[in-house]
Amino acid sequence: MDIQQKTMDEYPTRKDSTPALLYRRHPVVWGSGEGGPFAADEIASYGENGYVQTEALLSADEVESYSAELRRLSEDPELKRDERVVVESSSDEVRSVFEVHKVSKLFADLVSDPRVVGRARQILGGDVYVHQSRVNYKPGFGGGDFWWHSDFETWHAEDGMPAPRAASVSIALTDNYAHNGALMIMPGSHKTFVSCVGETPEDHHRSSLKSQEFGVPDKHSLAVLADMYGIDVLTGPAGGATFFDSNCMHGSGGNITPFPRSNIFIVFCSVENTCTEPFAAPKPRPEFLGARDFTPVK
């Protein structure tokens, strides 16, 4: 008889009435970290801080090409009715377009670009698949904030990702200033898993894409992490990229300046870390949020 056992939950969350800070049980850099575009010191920095920035990943011409595609997607009335498109809670402006590598061939080609996927393979120690992709818009004079969170907490609880063997890349299509909603990361926080409180409701993703209430770290845990690790504000010119660990505590403020902020966001996960049943949700989220196609990126 073939009996399938449920994967052991090494990162329990949303199961207790009290939050907890847990030690990370898995590596950050898998394998040797060699044989890819990252230099040895960049890989070491990623392992220590949970992120590394790469200047000028894209050329100026490439930035303009992707920005034009971004504008095209945001102005497509048919796409705007698609559930993969999220609009600002305070307006009708597009906030994110998910599964963008399936919506646009231009972005599909970027996913398989060696400059991008090569770095993900180097971090994760082998073949990877796309767990999620999206483009984010943060317009001037009103782009909303993204509250502090660990992506892995959600991907574990609601998608069934067993371990934090996943890496994200955020590629800037606009200049990132400290004052226009730049990404903030607590360097080193990827070594601590914040177990959150509150049982995941049915179809939580419908509300969480605009304003998340469950899987949100408590203020005391955030204060402890900020005191331990500090906060880095990640600025830089258009065309640069930030690769960061799935368990980094990160967020961004709103944008009340005239300067918009847009980026391409791709999540790569190891093919040895494919999702199972959710660890703390009634059912998996839709595939455009947490892929069930584990085909390696070629």
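When reading the values below, keep in mind they use all heavy atoms of this one structure, side chains included, and skip hydrogens, waters and symmetry mates.
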dist Ser74:OG -> Leu79:CG (nearest 0.5 Å) comes out at 9.5 Å
Tell me, with the steps shown, if Glu158 and Arg14 meet side-chain contact (heavy atoms from CB on, under 4.5 Å).
CA-CA 10 Å; Glu158 300 187 43; Arg14 310 189 198 183; 2.8 Å; yes
Donor-acceptor pair, Ser133 side chain versus Val100 backbone, under 3.5 Å?
yes
Path from Val116 to Val97 over hydrophobic side-chain contacts below 4.5 Å:
yes
Under the side-chain contact (heavy atoms from CB on, under 4.5 Å) test, which residues partner Ala172, sequence neighbours left out?
Asn176
Is a side-chain donor or acceptor of Gln132 paired with a backbone partner of Gly290 at a separation under 3.5 angstrom?
no
Nearest non-hydrogen partners of Leu124 and Phe268, listed with the distance
CD1-O, 3.5 Å
Using a 3.5 Å cut-off and no angle test, enumerate the donor-acceptor pairs between side-chain atoms of residues 27-36 and protein atoms at least two apart in sequence or in another chain.
from: Trp30; atom 1: NE1; to: Pro27; atom 2: O; distance (Å): 3.4
from: Ser32; atom 1: OG; to: Glu34; atom 2: N; distance (Å): 3.2

Would you say Val86 and Arg134 make side-chain contact, with heavy atoms under 4.5 Å?
no
Test side-chain contact (heavy atoms from CB on, under 4.5 Å) applied to Asp127 - qualifying residues, sequence neighbours left out
Arg121, Val271, Pro296
Would you say the side-chain atoms of His149 pair up with the backbone N or O of Trp147, donor to acceptor, closer than 3.5 Å?
yes
Student check: side-chain heavy atoms of Val267 and Asp151 closer than 4.5 Å:
no
State yes or no: do Val128 and Ile123 share one hydrophobic cluster built from I, L, V, M, F, W and Y residues joined by side-chain heavy-atom distances below 4.5 Å, directly or via other members?
yes
Does the side chain of Ser195 come within less than 4.5 Å of Asp16's, by heavy atoms?
no
Return each pair, listed once, that meets salt bridge (charged side-chain N to carboxylate O under 4.0 Å, His left out) where at least one residue sits in residues 246-262; pairs must be two or more places apart or across chains.
none
Pairwise ring pair (Phe, Tyr, Trp, His ring centres under 6.0 Å) hits with a residue in residues 50-79, at least two apart
Tyr66-Phe107
So, the side chain of Asp76 versus the backbone of Glu78: is there a donor-acceptor pair under 3.5 Å, distance only?
yes
Will you find, in the side chains of Asn180 and Thr257, an N or O donor that is under 3.5 Å from an N or O acceptor?
no
In this structure, is the centre-to-centre distance between the rings of Phe38 and Tyr46 below 6.0 Å?
no
Are any of the side-chain heavy atoms of Leu57 and Arg119 separated by less than 4.5 Å?
yes
Separation of Gln53 CD from Ile185 CD1 (nearest 0.5 Å)
8.0 Å
Could you note down all residue pairs passing salt bridge (charged side-chain N to carboxylate O under 4.0 Å, His left out) where residues 166-193 supplies at least one of them, sequence neighbours left out?
Glu48-Lys191
Please find the pair of heavy atoms, one from Asn255 and one from Pro260, that lie closest to each other, and give the distance.
ND2-CA, 3.9 Å
Report whether Val103 and Phe265 are members of the same hydrophobic cluster (ILVMFWY, side-chain heavy atoms less than 4.5 Å apart, transitive linking).
no
Distance-minimising heavy-atom pair for Asp145 and Gly253:
CB-C, 3.7 Å
Checking the side chain of Ser104 only, and the main-chain atoms of His101 only, is there a donor and an acceptor separated by less than 3.5 Å?
no
Determine whether Leu58 and Arg115 make a side-chain contact, defined as any pair of heavy atoms from C-beta on separated by less than 4.5 Å.
yes
Checking side-chain polar atoms at under 3.5 Å, does Asp61 have a donor or acceptor matched by the opposite partner on Ser59?
no
Keeping the roles fixed (side chain from Ser96, backbone from Phe98), state whether a donor-acceptor pair exists under 3.5 Å.
no
With a 4.5 Å limit on heavy-atom distance, are the side chains of Leu110 and Ile171 in contact?
yes
Path from Val135 to Leu106 over hydrophobic side-chain contacts below 4.5 Å:
yes
Measure up the Tyr177 and His179 rings against each other and bin them: parallel (under 30°), tilted (30 to 60°), perpendicular (over 60°).
parallel
Check for a donor-acceptor pair, side chain of His250 on one end and backbone N or O of Met184 on the other, with a separation under 3.5 Å.
no
Could you state whether Leu183 and Val216 fall into the same hydrophobic cluster, counting links through intermediate Ile, Leu, Val, Met, Phe, Trp or Tyr residues with side-chain heavy atoms under 4.5 angstrom apart?
no
Indicate yes or no for a side-chain donor-acceptor contact from His190 to the backbone of Gly47 under 3.5 Å, with no hydrogens or angles considered.
yes
Shortest non-hydrogen separation from Thr200 to Ala280 and the atoms involved
OG1-O, 2.5 Å
For Tyr11, the option from Phe193, Trp155, Tyr23 that meets ring-ring contact (aromatic ring centres under 6.0 Å, His included):
Phe193
Spacing of Phe279 atom CZ and Asp9 atom CG [to the nearest 0.5 Å]
5.5 Å
Qualifying side-chain hydrogen bond (donor to acceptor under 3.5 Å, both in side chains) pairs, either residue in residues 234-246, two or more places apart
Arg24-Asp245
Shortest non-hydrogen contact from Glu42 to Pro37?
OE1-O, 4.2 Å
Donor-acceptor pair, distance only, cut-off 3.5 Å: does the side chain of Thr13 make one with the backbone of Glu153?
no
Do Met249 and Tyr229 have side chains that get closer than 4.5 Å, going by heavy atoms?
no
Do the side chain of Asn263 and the main chain of Ser170 share a donor and acceptor less than 3.5 angstrom apart?
no
Distance-only criterion, 3.5 Å: show the donor-acceptor pairs between side-chain atoms of residues 219-228 and protein atoms not counting sequence neighbours.
from: Ser221; atom 1: OG; to: Asp218; atom 2: OD1; distance (Å): 2.6
from: Ser221; atom 1: OG; to: Asp218; atom 2: OD2; distance (Å): 3.3

Exercise: identify the closest heavy-atom pair between Cys275 and His131
SG-CE1, 3.7 Å
Over 12 foreign heavy atoms within 6.0 Å of CD, Glu55:
no
The criterion is side-chain contact (heavy atoms from CB on, under 4.5 Å); which residues satisfy it with Glu287, sequence neighbours excluded?
Arg292
Only counting residues at least two apart or in another chain, list the ones meeting side-chain hydrogen bond (donor to acceptor under 3.5 Å, both in side chains) with Ser17.
none
Residues that Ala56 engages under side-chain contact (heavy atoms from CB on, under 4.5 Å), provided they are two or more places apart
none
Check whether any side-chain heavy atom of Tyr129 sits under 4.5 Å from a side-chain heavy atom of Thr295, and report yes or no.
no
Atom CD1 of Ile264 and atom OG of Ser67: how far apart are they, to the nearest 0.5 Å?
8.0 Å
Got a sec: does the CG of Leu21 have more than 12 other heavy atoms crowding it under 6.0 Å?
yes
Quick one: CG on Asn136 to CZ on Phe146, what's the gap to the nearest 0.5 Å?
5.0 Å
Applying side-chain hydrogen bond (donor to acceptor under 3.5 Å, both in side chains), name anything that partners Ser45, two or more places apart in sequence or on another chain.
Asn49
How long is the span from the CZ atom in Phe152 to the SG atom in Cys269, to the nearest 0.5 Å?
9.0 Å
